[in-house]
Trainee: 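Mind having a look at this structure? Questions to follow.
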Amino acid sequence: MIDNLILGFQVALSWQTLMFCFVGVSIGMFIGVLPGVGPLAAISMLLPLTYYISPTDALIMLAGIYYGAQYGGSVASILLRLPGTASSAVICMDGYEMTKNGRPGAALFLSALASFIGGSIGILLMAGFAPALASFALRFGSQEYFLLMALGLVAASTLSEGSAVRGLAMVVLGVLLGIVGLDSTSGTMRFVYGQFELMDGVSLVASAMGLFGLSEILSNIGRSERPQPTQKVTLRSMVPTRQELRDSWPAIWRGSAIGSFFGTLPGTGSTIASFFSYATEKKVARNRARIGQGIVEGVAGPEAANNSAAQTAFIPTLTLGVPGDAVMALLLGAMIVHGVTPGPQMLSNTPEMFWGLVASFWLGNLILLIFNIPMVGLWVSMLRIPYRLLYPAILVLVVIGTYSIRYSVFDVYQLLAFGLLGYVLRLLAFPAAPLVLGLVLGPLMEENFRRSLMLSDGDFSTFVTRPISAVLFACILLVLLAQVVPLLMRLRNPKNKKKEA
């Protein structure tokens, strides 16, 4: 592992790669501070720019946006009770109370410290366990890969926010959109309806920009301006007391362990990890009776879980080729565009990319820790940008970014179509993230499914007769049963449902 990390730091410490890492984490912090934008929209908007740089630098920059947003997301949560990202929503409960109690600086300092420690623990686990997981994945055949991707989609849909049925419906829609275009086996065009621009399939960038960027603009048209921060944050006010430091350390370690566990599971991610950490602190924290009233455990624990999960989420994405959420799906798509195949072969075929990425994680977290504290005043001032100036600028970037991929007006039409679709999905409370997961994994699932049937002469039992595939198939059934059984019980007992309501 030491030799691999030395190789990684040789790649990550080159001036060009370090510059892209710095740019990525800085953009991520800025996006995280702005409520409602999020890393998904930022990565989708900047994805076309990565076509002109090396795959390693592109992946390092996009990954920096992702975990940089986890840092910045807590700033608005603590100061304004406006979570910059979904995973930082739980920090509003105690972080904003600390602000009202006159301790916003201490909350921001402990948030940055917990983020760095949680992220560092996640990086160590990734460096230690990713090769072992990749070696185990070499035993996977097309049957296992198909079922593993299916498990990731089912878990992502059932564990996402909102109804599990709606999440599954979005997964199915994404898979159907993913098979549009040229059939790689027969060479025939499917579902293009005379639009030859769809031969290469539905544009991932246009769909992501439309669903998350353009729909955000449409949803906020006419929205009143955000409240302005009233507390002035100074460096002196950011120093926590000794008691606050003593109380925060156990919460940081607990949160790091929880986040590392949930990050490695496809379909869970930072949001579930941070909420689970907060629930744990309500049970085991020394000051649990005051949780929700502005104590450090309610900030440090979820923030450590948030960032450790953000780092370990790369383990299944890079070693198995299975993204755990929509952001990982975009990063997976970026690698595929650059000709890099994620999976167990990545460590042997492109070790400099894998270990360079791991080393850049720690450098990026160190950059965030150094710059996050003195630049808090700058990030707070960013919150004063009015919506009438912010969203037109985002709209221009979205359109230019989509058009610059293939210089095709048809891609802009796709952007508009997915923007309207994303707006409608918001109104109907359908999650859009599972749709992107299905769009990315759909073609890969189809390829492995057809290959499995070709190898077995059309025998469907091949998916349950192999040991690993049988276990994965059983896991899929368990996840589905865990969602279906409570639904059937509620349908059979409507009176109990009314009483609960």
Side-chain angles (χ1 to χ4, degrees), residues 31 34-51 62 65 162 166-167 169-182 189-223 326-327 329-331 333-334 336-337 386-443:
I31 293 298
L34 294 175
V37 181
L40 194 59
I43 291 176
S44 63
M45 285 187 287
L46 294 177
L47 188 58
L49 300 180
T50 64
Y51 298 163
L62 294 178
I65 295 173
R166 295 181 178 184
M170 290 296 96
V171 164
V172 173
L173 179 59
V175 172
L176 292 176
L177 291 174
I179 63 176
V180 172
L182 196 65
M189 291 188 294
R190 303 177 299 182
F191 308 108
V192 297
Y193 300 106
Q195 301 294 333
F196 293 100
E197 294 87 349
L198 290 174
M199 286 181 59
D200 294 330
V202 175
S203 172
L204 174 64
V205 176
S207 61
M209 285 187 180
L211 289 171
F212 300 102
L214 187 56
S215 66
E216 178 69 27
I217 297 174
L218 295 176
S219 300
N220 288 283
I221 292 177
R223 182 176 176 182
V327 176
L330 276 182
L331 295 175
I336 294 173
V337 167
Y387 287 126
R388 65 180 183 274
L389 299 178
L390 176 64
Y391 286 114
I394 293 176
L395 181 61
V396 171
L397 292 175
V398 164
V399 174
I400 293 176
T402 303
Y403 180 77
S404 64
I405 299 174
R406 296 184 299 183
Y407 300 101
S408 171
V409 179
F410 185 81
D411 289 345
V412 179
Y413 293 151
Q414 290 189 67
L415 168 71
L416 297 176
F418 278 101
L420 292 174
L421 176 62
Y423 177 69
V424 173
L425 293 178
R426 283 172 176 254
L427 294 179
L428 300 178
F430 277 84
L435 191 153
V436 177
L437 280 173
L439 181 61
V440 172
L441 293 182

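Since the structure is predicted, the reported quantities are computational estimates derived from the model, not experimental observations.
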Trainee: What's the shortest heavy-atom distance between Gly178 and Pro443, and which atoms?
Mentor: O-CG, 3.1 Å

Trainee: May I ask you to test the Leu420-Leu218 pair for a side-chain heavy-atom distance under 4.5 Å?
Mentor: yes

Trainee: Strictly distance-based, threshold 3.5 Å: is any side-chain N or O of Gln414 a donor or acceptor partner for the main-chain N or O of Ser203?
Mentor: yes

Trainee: Which heavy atom in Leu428 sits nearest to a heavy atom in Arg166, and how many Å separate them?
Mentor: O-NH1, 2.8 Å

Trainee: Quick check for you: to the nearest 0.5 Å, what is the distance between Leu176 atom CG and Leu439 atom CG?
Mentor: 11.0 Å

Trainee: For a quick test of reading the model, state the closest non-hydrogen atom pair linking Phe430 to Ala169 and the distance between them.
Mentor: CE2-CB, 4.5 Å

Trainee: Any chance you could measure Leu435, atom CG, to Leu173, atom CG, to the nearest 0.5 Å?
Mentor: 4.5 Å

Trainee: Going by the angle between their ring planes, with limits at 30° and 60°, are Phe191 and Tyr193 parallel, tilted or perpendicular?
Mentor: tilted

Trainee: Can you see which heavy atom on Gly422 is nearest to which on Ser215, and at what distance?
Mentor: C-CB, 3.6 Å

Trainee: On a heavy-atom basis, which atom in Leu214 and which in Leu415 lie closest, and how many Å separate them?
Mentor: CD2-O, 3.6 Å

Trainee: Please name the pair of heavy atoms, one in Asp411 and one in Ala206, separated by the smallest distance, quoted to 0.1 Å.
Mentor: O-CB, 3.8 Å

